[in-house]
Amino acid sequence: MALKAARCEGCGATLEIDESKESGFCPYCGMKYYTEYVCNK
């Protein structure tokens with residue numbers, strides 16, 4: 001499990017993204033994100 005720092009586009013919170021998962025949800029605002037898209041920004 002590799003974690004990578006990213007920023008939520010919905011609320012601006014700093015997230016720790018698990019790169020082995022395809023998608024996830026921001027624990028602060030609930031916005032769904034796609035790992036590949038968020039990590040490449």
Side-chain angles (χ1 to χ4, degrees):
M1 176 168 83
L3 296 178
K4 186 171 184 177
R7 187 160 304 275
C8 175
E9 291 189 359
C11 68
T14 301
L15 306 172
E16 288 187 347
I17 307 289
D18 181 356
E19 292 183 307
S20 67
K21 295 184 179 179
E22 185 176 316
S23 64
F25 292 93
C26 173
Y28 303 102
C29 71
M31 182 175 173
K32 184 173 184 173
Y33 60 82
Y34 291 95
T35 304
E36 184 177 339
Y37 176 76
V38 174
C39 289
N40 289 333
K41 280 196 104 182

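Side chains are part of it too, since the values below use all heavy atoms of this structure and drop only hydrogens, waters and symmetry mates.
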For Val38 and Ala6 the tightest heavy-atom approach is CG1-CB, 3.2 Å
Got a second to check how far Tyr33's OH is from Arg7's CZ, nearest 0.5 Å? 14.0 Å
Taking all non-hydrogen atoms of both residues, which atom of Phe25 and which atom of Gly30 are closest, and how far apart? CD2-O, 3.4 Å
If two hydrophobic side chains count as joined below 4.5 Å and joins carry through other members, does Leu3 share a cluster with Tyr34? no
Search all heavy atoms of Cys29 against all heavy atoms of Cys26 and return the closest pair with its distance. N-SG, 3.5 Å
Show every donor-acceptor pair shorter than 3.5 Å between a side-chain atom in residues 9-17 and any protein atom, with sequence neighbours excluded, or say none if there are none.
| residue | atom | partner | partner atom | Å |
| --- | --- | --- | --- | --- |
| Glu9 | OE2 | Lys41 | NZ | 3.0 |

